[in-house]
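One structure below.
Just so it is clear: chains get the letters A, B, ... in the order the sequence lines come, proteins before strands, and each one is counted from 1.
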Protein chains: 4
Amino acid sequence: MTVKQPARRSERSKQAILAAAAELLAEVGFPKLTIEAIAARAGVGKQTIYRWWPSKGAVVFDALLSRMGEDGDLTLPDTGDLAADLRLLLRGTVAEMGDPGFQAPGRAMTTEIQTDPALAREYRERLLGPNLEAMKTRLRSAREAGQVAADVDLDVAVEVIFGPVYYRWLLRLGPLDDAYADAVAGMALSALR
Amino acid sequence: MTVKQPARRSERSKQAILAAAAELLAEVGFPKLTIEAIAARAGVGKQTIYRWWPSKGAVVFDALLSRMGEDGDLTLPDTGDLAADLRLLLRGTVAEMGDPGFQAPGRAMTTEIQTDPALAREYRERLLGPNLEAMKTRLRSAREAGQVAADVDLDVAVEVIFGPVYYRWLLRLGPLDDAYADAVAGMALSALR
Amino acid sequence: MTVKQPARRSERSKQAILAAAAELLAEVGFPKLTIEAIAARAGVGKQTIYRWWPSKGAVVFDALLSRMGEDGDLTLPDTGDLAADLRLLLRGTVAEMGDPGFQAPGRAMTTEIQTDPALAREYRERLLGPNLEAMKTRLRSAREAGQVAADVDLDVAVEVIFGPVYYRWLLRLGPLDDAYADAVAGMALSALR
Amino acid sequence: MTVKQPARRSERSKQAILAAAAELLAEVGFPKLTIEAIAARAGVGKQTIYRWWPSKGAVVFDALLSRMGEDGDLTLPDTGDLAADLRLLLRGTVAEMGDPGFQAPGRAMTTEIQTDPALAREYRERLLGPNLEAMKTRLRSAREAGQVAADVDLDVAVEVIFGPVYYRWLLRLGPLDDAYADAVAGMALSALR
DNA sequence: AAGTAATCGAGACGGTACGTCATGTCTTACC
DNA sequence: GGTAAGACATGACGTACCGTCTCGATTACTT
């Protein structure tokens, strides 16, 4: 005897809405994206959106999540060589952030998080948190291998690794290329030792 | 022979507008701030705002700038002891970012910069740039004193110092206290050596 | 062999719907009355209403009819004295129309009839028609008694009797009291002779 | 030094709105007429309608009034022969009410008046009142000529004249032709003597 | 007594219109 | 010519109902 929680939701509509949101986000950008446009494109009543999502930001967030397939893995590579792994990881991060397809939604997300606490929570729990945790796991392994000093606060360590990249990306302070990734990786490595 | 550039602009109105913008920003936050409300509060016609500023963001930016008095100094302390100076600097930075009076406008600014290129330019030129430059100047002095490795890219170095703090602040990853400032300062120092 | 026309209709639901409609009509008035509100108040699915009635007006009409008990009698008193009978009848009519409990539904009915032909037909057949017919029957009797001229068109006569009252009521042209009823009765009597 | 009350209203928009309302009323009927459609047809913002009229009914009323040119005359013909004048008047009334172009707006008006007190007041003051007053003036003159009994209440008299016609028209009780007009005129005349 | 089909409550759905809000442009009258 | 005031066309907002639909769950007739 199961509890029927949200009372028969139309999967068809849900998918159409998320798809429309993703498309429009790419076409017009987050600030010019409207609920009405999403509804129209998805062939759906506005109420159907308002029924299931509390805000424009929430729809877009879900759209992005479902596009990313909720990832899955999230275990970082561990070859035993922290320097190499870090370099590889940051090269990947930098490449993703430079990707035009990621830029708009990525910035929109960051922006939206600033004013919508509920969304911020979702973001931290479902996207950011797992990633940071994976990094901490890798660092813990490195610490056991003696590649990271015992007294290093892993939370701070993680921020020292990702913070600079994020900072440069968000404020457009410079190019996000492999050379930059290596430079940050090098400095972070020195910092942790 | 005076330079009467904008012909005949009412200083009275300008001040009223900036004051109203600052007040309303504190009261309702940036997203709920409207041009109409600013005009009403300032006792000014809407057109007077549109005549002199291109966007809501620009008005708010000017309002904040004029509140901060355009600073002035911007030479960082140089006691010769980079570790101490860095610790002091980051403690100050962290304190400012934790200040409730800075939070709302600070986040609004970051947000607005993402979509308004003109504003982004202003921000980088008049606020962020000078601060980063000051930091670089201090690091250059430290390099001459042998406290920073010769091959360190100063642009990256600056991001390694400020990036983590900014990251933690923007995404609310943890407390911004003196212990945190010291931890980042310590790691940054190791990274630069 | 029974007729089982509507197959298997829930009497319980039907009564709940009619009661809810009557209550809500009194509370919010016809224009602000909604099918959804009736369904909610009656504890009934919307479909159950749509299954058995074609329109909001039809539900309300049925509600009113069932409240009035479908009358029954509808033979006007005939004392032999047309003047007295007419006065009595109009005093009764006028009193009913002035009754606050009749006003709202009465006006709503008149209003609804203007746009819904099916409803209009129902109204004429089940309510108005029988009343007019009863009046005509009384006049016919009066004609035989020589109190009404032989060449009078009874259809017109009926309208001359009820028309003025209805006119004053609908357009709120003046008070609906006994004096008025008597005045109309007097004039009608002169008109018929 | 004049007081500028409503602060510069666009005559252009006003006319476009009234014209659009009149057209749409004829095309779709009052119940299916929407403010949005009027605004769209008139090439006007919805707000401009809401700024100057309180309800759909008020717009339509104004549209009808301006179409009728606010009449002007409103003195009924007085040939000295009340019977002839009455017959003529009622034939005209009956013809107008039978006119398909009058039917829809006429019924809509009657309907709307039932629920909108402000509109009802307007209607009585600007349309109905003057007409009834004109009729009373004519009857007064007839009374002086001895064609109407001295003790007749003119308010009631007017209702006895127009009431039957209105009744037959609104409830669609029968044809509105000259024969009917004459019949009512004849009865009314008898009633008044 | 079991099978079965119509009816029931609930409420999601695609829509339309609502009345409000803010946008950025414009026009007018004042100084 | 800049200004306060505010009307204007535009367009999105979030809500209310519309009338249709699909779901189990009764429920009352068959067989």
Side-chain angles (χ1 to χ4, degrees), chain A residues 2 4 6-14 16 32-40 42-52 54-56, chain B residues 6-14 16 32-40 42-52 54-56, chain C residues 2 4 6-14 16-17 32-40 42-52 54-56, chain D residues 1-2 4 6-14 16 32-40 42-52 54-56:
Chain A
T2 54
K4 56 164 179 176
R8 292 182 324 93
R9 172 176 191 172
S10 158
E11 190 59 26
R12 205 181 174 295
S13 293
K14 179 177 176 180
K32 313 198 100 179
L33 179 61
T34 66
I35 298 267
E36 292 208 323
I38 297 175
V44 138
K46 276 199 290 179
Q47 203 58 47
T48 301
I49 299 182
Y50 284 112
R51 187 156 27 232
W52 303 109
S55 69
K56 186 176 75 164
Chain B
R8 227 138 35 82
R9 175 174 189 175
S10 159
E11 189 59 26
R12 205 181 174 294
S13 293
K14 179 176 174 180
K32 313 200 97 179
L33 179 61
T34 68
I35 297 270
E36 294 210 319
I38 297 175
V44 138
K46 278 198 293 178
Q47 199 56 249
T48 302
I49 298 181
Y50 283 111
R51 188 155 26 232
W52 303 109
S55 70
K56 183 175 79 166
Chain C
T2 52
K4 79 155 179 167
R8 227 132 39 76
R9 175 174 189 176
S10 159
E11 190 58 27
R12 205 181 174 296
S13 293
K14 179 176 176 181
I17 289 165
K32 315 199 96 181
L33 179 62
T34 67
I35 297 268
E36 295 211 320
I38 297 175
V44 139
K46 280 200 290 177
Q47 199 57 252
T48 301
I49 298 182
Y50 283 111
R51 188 158 22 234
W52 303 109
S55 70
K56 182 176 77 165
Chain D
M1 208 174 119
T2 54
K4 57 165 179 177
R8 292 181 321 91
R9 171 175 189 174
S10 159
E11 190 58 26
R12 206 181 173 297
S13 292
K14 180 178 174 179
K32 313 198 98 176
L33 178 62
T34 67
I35 297 268
E36 292 209 321
I38 297 175
V44 138
K46 276 197 291 178
Q47 201 58 49
T48 300
I49 299 182
Y50 284 111
R51 187 158 23 235
W52 303 110
S55 69
K56 185 176 75 164

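Phosphate proximity of E:dC8 to C:Trp52: present, with a side-chain N or O under 4.0 Å from OP1 or OP2. For F:dT3, one of the phosphate oxygens OP1 or OP2 lies less than 4.0 angstrom from a side-chain nitrogen or oxygen of B:Arg51.
As a whole-Å value, the separation of A:Arg9 CZ from E:dG14 P is 11 Å. Remark: C1' of E:dT23 and CD1 of B:Ile49 are 13 Å apart, rounded to the nearest angstrom. The CZ-P distance, from D:Arg12 to E:dC26, rounds to 15 Å in whole Å.
Separating the CD1 atom in C:Ile17 from the OG1 atom in C:Thr48 is a distance of 6.0 Å, to the nearest 0.5 Å. Between the CD1 atom in B:Ile49 and the OG atom in B:Ser55 there is a gap of 11.5 Å [rounded to 0.5 Å]. The CG atom of A:Leu33 sits 4.0 Å away from atom CD1 of A:Ile38, with the distance rounded to the nearest 0.5 Å.
For the salt bridge (Lys or Arg N to Asp or Glu O under 4.0 Å) test, residues two or more places apart in sequence or in another chain that qualify with A:Lys46 are A:Glu36. Under the side-chain hydrogen bond (donor to acceptor under 3.5 Å, both in side chains) criterion, A:Thr34 pairs with no residue at all, not counting sequence neighbours.
The number of heavy atoms from other shown groups lying within 6.0 Å of CZ (C:Arg12) does not exceed 12.
Nearer the 5' end of DNA chain E, as judged by each residue's closest nucleotide, is the contact made by C:Ser13, out of C:Ser13 and B:Pro54. Each of A:Thr48 and C:Glu11 was assigned the nucleotide of DNA chain E with the nearest heavy atom; the assignment lying further toward the 5' end belongs to C:Glu11.
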Listed pairs, N/O of protein and of nucleotides 18-22 of chain E, under 3.5 Å:
residue : atom : partner : partner atom : Å
E:dC18  : OP1  : D:Ile35 : N            : 3.0
E:dC18  : OP2  : D:Ile35 : N            : 3.3
E:dC18  : OP2  : D:Glu36 : N            : 3.0
E:dG19  : OP2  : D:Tyr50 : OH           : 2.5
E:dG19  : O5'  : D:Tyr50 : OH           : 3.4
E:dG19  : N7   : D:Lys46 : NZ           : 2.9
E:dG19  : O6   : D:Lys46 : NZ           : 2.7
E:dC21  : N4   : D:Gln47 : OE1          : 3.0

